[in-house]
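Structure first, commentary second.
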Amino acid sequence: MSTPTFSNNKNYFLSLEEALKLSKSIKIPIFEEKLPIQNTLHRVLANDIYSNINDPPFDNSSMDGYAVIYSDTIDATETNPIELKIIETLPAGETTSKKLTSGFAIKIMTGAPIPDGADSIIMVEKTKKINDNVLLYSPSFPNYIRIKGENISKNQLIFEKGTFISPREIGLLATMGISEISVIKQLKISIIATGDELIPPGKELLPGQIYESNSYVLEGLIKEMGHIPIRHDLVTDTIEDLRIELDKASNISDLIITSGGVSMGDFDLVRKIMEEEGEILFWRIKIKPGSPPLFGKWKNKPIFGLPGNPVSSHVVFQILINPWLKFITKANGPTPKIVKAKLLENIKLKKEFINFSRVIVENTGTEMIAYTTTHQGSGNLHSLTTSNALTILPYNEKGTKNQIVDVLLL
Ligand code: AMP
Ligand code: MG
């Protein structure tokens, strides 16, 4: 494939929609593996899951109390309790062959099966036990019985292929008695941070240097999506070092993410080496922050080149790489949540771009509000830690005080 020279057209930016569409034209092979459910957190389900059981499997009590016959208890009051004879105590995990008849009660614990003949439960707090008898101070309550299959029923489709697995899904798999499931195999994702000015945290800063942070953020974002980050050593701004590291990454990983070196500076060599030796599918998107990302292939492996500014690299991962990874693995999550909120101030916008400003979103009790806290420089990672959302102000949206806008919860 002949490589287009993108830097020839210094004014062209794609829309985010075009970029997302183009990125989906490069696919990679996806495999499945079977795992015990406890090892599937943040993984993607490879098959539909149907329930083998009813949940609950049998009618049972939702209260500690007494299983009784409702008509026996109708007239019970605080001052005129009704007395029944206790014929058995039934803990959770046991069953009884006794059948309850009028005038009798079976003491029952939460989760124990409802005995034959009983049609309601009275909670222990409304009773008083005297030897083998119980006094009821109110009528019993039929709703304290959890009915067989009321949560899920046998053969019901519970999870569709592509479900992103959280602790809740793992819990429900266990509830259904499923100990092992098929999930999508994790992708190995290389992270290459570039920049002569960067040193790893833990070392002493020399003049002109800053601590490298992007690779740590990206590592976490990749883990949150259930994949395997491979953080490479820092790479200097030289074509030779870049080539060596990109080659290494393409040998060991399914996807390469670089940070830095994709804008217009003299030492933005990721863009240069990709133009000259790789394949670029697109470069630069109408988003703020984070407009200079590129996407293409290095030696048959897809590569996203993220801008170096820390906020930009985070935002671009969330709006470009997260959707691509979900598309590739056919996953329905993790989905950054979008809600509506009222702007408390005018937001400074870049015209024609989608603006992702960092805001705090709060629920006042009557409405959701959004306001900025810190200055919005794309190098200010602190602004991301003091915010909990990003505005989504597309293209020609105004972003004025009191406007209701979409915000993406972080
Ligand atoms: P670049 O995209 O390489 O021009 O970098 C843009 C800005 O982000 C510069 O101020 C860099 O020092 C900074 N930067 C680049 N990479 C990183 C990184 N991995 N961690 C923290 N800051 C970075
Ligand atoms: Mg740089």
Side-chain angles (χ1 to χ4, degrees), residues 6-7 10 13-14 19 189-223 229-246 248-249 253 255-278 280 282-296 298 303-321 350 353 356 358 374-387:
F6 282 81
S7 50
K10 297 212 183 323
F13 289 76
L14 287 90
I189 304 178
S190 278
I191 306 167
I192 303 173
T194 70
D196 287 345
E197 74 283 26
L198 307 173
I199 61 160
K203 297 207 165 144
E204 202 183 325
L205 276 183
L206 297 175
Q209 293 185 325
I210 62 164
Y211 289 119
E212 194 279 312
S213 61
N214 290 349
S215 70
Y216 297 90
V217 177
L218 294 168
E219 184 170 17
L221 291 168
I222 290 167
K223 282 183 183 162
I230 300 169
R231 201 146 50 75
H232 291 234
D233 288 341
L234 285 172
V235 176
T236 57
D237 290 319
T238 63
I239 290 284
E240 293 67 33
D241 278 5
L242 260 176
R243 189 185 298 118
I244 290 170
E245 217 55 34
L246 288 172
K248 202 193 280 176
S253 290
L255 169 68
I256 307 167
I257 300 177
T258 60
S259 135
V262 288
S263 350
M264 300 297 284
D266 290 354
F267 300 97
D268 286 332
L269 298 182
V270 175
R271 177 178 53 77
K272 189 158 191 288
I273 196 173
M274 282 297 296
E275 276 181 1
E276 289 171 1
E277 302 176 35
I280 299 182
F282 64 76
W283 174 52
R284 301 202 300 189
I285 308 176
K286 291 180 195 162
I287 53 172
K288 182 180 173 254
S291 61
L294 68 73
F295 178 70
W298 181 267
I303 173 168
F304 285 93
L306 301 185
N309 272 314
V311 175
S312 306
S313 108
H314 185 287
V315 168
V316 175
F317 182 96
Q318 289 295 48
I319 63 171
L320 199 61
I321 303 183
K350 183 168 167 102
F353 278 43
F356 297 94
R358 282 130 273 161
T374 46
H375 85 90
Q376 296 281 321
S378 54
N380 181 8
L381 197 54
H382 184 233
S383 70
L384 265 182
T385 67
T386 54
S387 325

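Positions are given from 1 along the sequence. Both counts, for ligands and for their atoms, begin at 1 and track the order of listing.
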> Looking at Ile210, which atoms of ligand 1 are within less than 4.0 Å of one of its heavy atoms?
Replying inline: 12 (O), 22 (N)
>> Please list, in number order, the atoms of ligand 1 under 4.0 Å from a heavy atom of Ser259.
In response: 16 (N), 19 (N)
N/O of [X] under 3.5 Å from N/O of ligand 1, yes or no?
| X | answer |
| --- | --- |
| Gly308 | yes |
| Gly261 | yes |
| Ser215 | no |

> When you measure from atom 12 (O) of ligand 1 to every protein heavy atom, which one gives the shortest distance, and what is it?
Replying inline: Glu197 OE2, 2.5 Å
Contact check, [X] vs ligand 1, heavy-atom distance below 4.0 Å:
| X | value |
| --- | --- |
| Gly195 | no |
| Pro310 | yes |
| Phe267 | no |

> Okay, side chain of Trp283, backbone of Val262: is any donor-acceptor separation there less than 3.5 Å?
Replying inline: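 Looks like yes, one N/O pair under 3.5 Å.
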> Do Phe304 and Phe317 pass the ring-ring contact (aromatic ring centres under 6.0 Å, His included) test, and can you show the C-alpha distance, the side-chain angles, and the key distance before you say yes or no?
Replying inline: CA-CA 9 Å; Phe304 285 93; Phe317 182 96; 8.5 Å; no
>> Please tell me whether Ser383 and Arg358 have a donor and an acceptor in their side chains that are separated by less than 3.5 angstrom.
In response: yes
>> Nearest 0.5 angstrom please: Ile319 CD1 to Ile287 CD1, how far?
In response: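 Going from the CD1 atom of Ile319 to the CD1 atom of Ile287 covers 3.5 Å.
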